[in-house]
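In what follows, a structure is listed as structure tokens, so that the remarks can point back to it.
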4 protein chains.
Amino acid sequence: MRNREKAPYHARREAVLAVARDLFAERGYRATTVRDIADASGVLSGSLYHYFDSKETLIDEMLSSYLDELTIAYRNVVAQGGDAPATLARLVAAAFAAVEKHRAAGLVLHSERHHLARLPRFAHLVEREEEIEHLWSTVIERGKTTGQLRPDIDEHMTYRFVRDGICAAARWSRPATGLAEQFLSLLLDGLRG
Amino acid sequence: MRNREKAPYHARREAVLAVARDLFAERGYRATTVRDIADASGVLSGSLYHYFDSKETLIDEMLSSYLDELTIAYRNVVAQGGDAPATLARLVAAAFAAVEKHRAAGLVLHSERHHLARLPRFAHLVEREEEIEHLWSTVIERGKTTGQLRPDIDEHMTYRFVRDGICAAARWSRPATGLAEQFLSLLLDGLRG
Amino acid sequence: MRNREKAPYHARREAVLAVARDLFAERGYRATTVRDIADASGVLSGSLYHYFDSKETLIDEMLSSYLDELTIAYRNVVAQGGDAPATLARLVAAAFAAVEKHRAAGLVLHSERHHLARLPRFAHLVEREEEIEHLWSTVIERGKTTGQLRPDIDEHMTYRFVRDGICAAARWSRPATGLAEQFLSLLLDGLRG
Amino acid sequence: MRNREKAPYHARREAVLAVARDLFAERGYRATTVRDIADASGVLSGSLYHYFDSKETLIDEMLSSYLDELTIAYRNVVAQGGDAPATLARLVAAAFAAVEKHRAAGLVLHSERHHLARLPRFAHLVEREEEIEHLWSTVIERGKTTGQLRPDIDEHMTYRFVRDGICAAARWSRPATGLAEQFLSLLLDGLRG
DNA sequence: GATGAATGAGGATTCATTCAT
DNA sequence: TATGAATGAATCCTCATTCAT
């Protein structure tokens, strides 16, 4: 095994990233200092720089892997075919699955999106989110064309509504509460009894 | 006129607050420096402290007046009576109206809520939001009881879904696009065609 | 007088710059910390940033004003006309005069030139030095053409030889030792008896 | 062979030193990190400390061997006898030869001299340079006594002028351009045609 | 010998706030 | 009231060096 020696490095790196993730989610990215992360990781602040170039790298990596996974999951859903409502159902399920796994990333993205989007360094996040929005919009548009979805509701509003709803849900959800199903049902059929 | 001297003071104060509002909305609370606000207001940074104790006072005042107005509006809606769907319709309308008027406050609250909620200084904001959430939940619960709203959907999820959806909408909405109506229709009747 | 209020600011600024100048000359640019400068100026380190954007601004301003003065002086010398040896004599005199007045700048430029030239931020210094070198080279070339200066000696070597010689002289010279005259004589007529 | 084991050690040590030399010359001593040297040498940063106690040892060794060689060469020149102009000619030749061989050391000494001279650790470099300066001064003084060199030019100024001129030349010289001869000619006979 | 993770003091810089004028 | 210079703690980051493996 060639990773006999690399494993500890990788494990430490992941451990630090996990600590950062939690602190960012809990206190916010900017309110978390590099020293906070180091302290909580049991290393000195200088040592963090063995693993990460900068504080920005930490959040970037955390958000990128979330968006990576999300994008892949969404593409798979779309590639699977099916009509718009069914696709939408699977998109919502994928979204909840991703946000449950990357809870911290979802929360951080939710509250830092606006700020990060202003920094050139994070332009790629914006691009990725645009791709995702485009993907959802296309599905909804298709549903409007076939008459399975209502034509009078803007697809971009719907997507952002969903995106933020899911992120917000992540803040207080506990797994296995059937949240995704409730959410989907609300989205498709509305609140009316 | 007794306000011959107080008026300029008050006008200046409001002007500064308005500038801060916009900057906070545009760049975020923490990314905006006191000096930025002073510069954009045409006063010196030291002078701000004649009007406001601290930077926190600025955001507090801005968020408080937003939440004040929102709470009053919601209370009025509820006091007006009517069944749950109708009440909900008026709540959504009130929410959109408030967020359109206090756009910056809506945005800032959206992205700073989690951070501010951790500070004792802003505990009262949390209380106010809890009151608001309670108010919405009660309306939805009543709808569930009468059978006009679906019993299988959690009222807290629904509320937060709505709250965040509206805030997010504020970021890109332009007035008079019928957003509130679309949103309400989506909420009550769902996306299905 | 409109500068009744600006004067103190300007005076302080100049005082800080003078302190930085001396410390840079004495210990080198990089070995001098911002705190060193602040301490020696009797202010706190944060206060320096009222006057200067950055440590780089400090050295930039100091070197720029030296090169400004040098360039102007050299241009005047050349504009005055005269044959090459006479022009060279006046160039040497101007160089010594400038380096005596901007002793610290001469020393710092001498030892930091190579390092600073690598930073994009200081590209303009390189350009200015190139103009100066071009100016000297042209004079020497002219002398070679008229036969008043030896044709077998490279003008660029000569210029750099002179430039560094003068800077080095600045480190140990005391005013009014006739250094410039000696230097010029050595340059034109050589060491041979 | 007893050096079967020592040779690699020595070879490695020299290789690291050579890399450090080049990096110091290219970016400057302080701007070069120990890790830069390790990376460029193909070893890990910790491994450097098997060969060198510290970063200072690296520069010390590099400058010392340059000054060693220079001192020996100069002593030989002086020991050879001959009149002052001839001795000076051989000194200049020796200087150019040394600086061509130890180009990096020449450059580094040129720009770090002032800084290093302040550190007790490098006091011995100062002493060595003083010996060298003394040696040159003596030769020039002798020439003044015999009338072969001009009596009106300070020998210390001349020496430093030469020292810095040669170092500066090293930065842009390419071998075999007859630079040494030009330089010597300029020094002895001046620029006048 | 070699590794490379860990150290920790120290660097430049930021910024909300204060206060003498 | 208004100024704006001054504060000083806090931030992110660097880097020569050490040491257990």
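Just so it is clear: chains get the letters A, B, ... in the order the sequence lines come, proteins before strands, and each one is counted from 1. Since the model is a prediction, treat every value here as computed from it, not as a measurement.
dA20(E) is paired with dT3(F) under the criterion used here, namely a Watson-Crick or G-U wobble arrangement in which both key atom distances are under 3.5 Å. Pairing for dA9(E) is with dT14(F), a Watson-Crick or G-U wobble pair whose two hydrogen-bonding atom distances lie under 3.5 Å.
In this structure, of dA5(E), dT11(F), dT13(E), it is dA5(E) that holds the atom nearest to the side chain of His50(A). Of the candidates dC12(F), dA16(E), dT13(E), dA16(E) carries the atom nearest the Lys55(B) side chain, counting heavy atoms from C-beta on. The side chain of Leu44(B) has dT3(F) as its nearest neighbour among dT3(F), dC13(F), dT17(E). Each of dA2(E), dA5(E), dC12(F) was ranked by its minimum atom distance to the side chain of Arg12(D); first place goes to dA2(E). Nearest nucleotide to the side chain of Ser45(A), out of dC13(F), dA16(F), dA2(E): dC13(F). The Ser47(A) side chain lies nearest to dT7(E) when the options are dT7(E), dT1(F), dC12(F). Side-chain proximity of Arg35(A) to the nucleotides dT18(F), dT17(E), dG10(E) is greatest for dG10(E).
Mapping Arg30(B) and Gly46(A) onto DNA chain E by nearest heavy atom places Gly46(A) at the nucleotide closer to the 5' end. Judged by closest nucleotide on DNA chain E, Gly42(A) is the one of Gly42(A) and Ser54(C) placed further toward the 5' end.
One atom, CD of Glu56(A), and another, P of dT11(F), lie 17 Å apart when rounded to the nearest Å. For Ile59(B) and dA16(E), the CD1 to P distance is 12 Å, given to the nearest whole Å. Rounded to whole Å, atom P of dT17(F) lies 10 Å from atom CD1 of Ile37(D). Atom-to-atom, CG of Leu23(A) to P of dC12(F) comes out at 12 Å; the value is rounded to the nearest Å. Atom pair Asp53(C):CG and dT13(E):P shows a separation of 9 Å (rounding to whole Å applied). Distance, Leu48(A) CG to dC15(F) C1': 15 Å, rounded to whole Å. Atom pair Asp39(C):CG and dG11(E):C1' shows a separation of 14 Å (rounding to whole Å applied).
The distance from atom CG of Leu17(A) to atom CZ of Phe52(A), rounded to the nearest 0.5 Å, is 4.5 Å. For the atom pair CG of Leu48(A) and CZ of Arg13(A), the computed distance is 11.0 Å after rounding to the nearest 0.5 Å.
Aromatic ring centres of His110(B) and His110(A) lie closer together than 6.0 Å.
Residue Glu112(D) is tested with Arg118(D), Arg27(D), Arg30(D) for a salt bridge (Lys or Arg N to Asp or Glu O under 4.0 Å); the sole match is Arg30(D).
Using modelled atom types, one finds a donor on one side chain and an acceptor on the other under 3.5 Å when comparing Ser64(A) with Asp60(A).
Listed pair Tyr51(B) / dA2(F) meets the phosphate criterion, a side-chain N or O lying under 4.0 Å from OP1 or OP2. Residue Tyr49(C) places no side-chain N or O under 4.0 Å from the OP1 or OP2 atom of dT14(E).
With a 6.0 Å cutoff to the six-membered ring centre and a 45° limit on the axis angle, Lys55(D) counts as a cation-pi contact of Tyr29(D).
Among the heavy atoms of the strands, none lies under 4.0 Å from Phe52(C). The residue Thr32(D) sits close only to the backbone: its heavy atoms come under 4.0 Å of sugar-phosphate atoms, none of a base.
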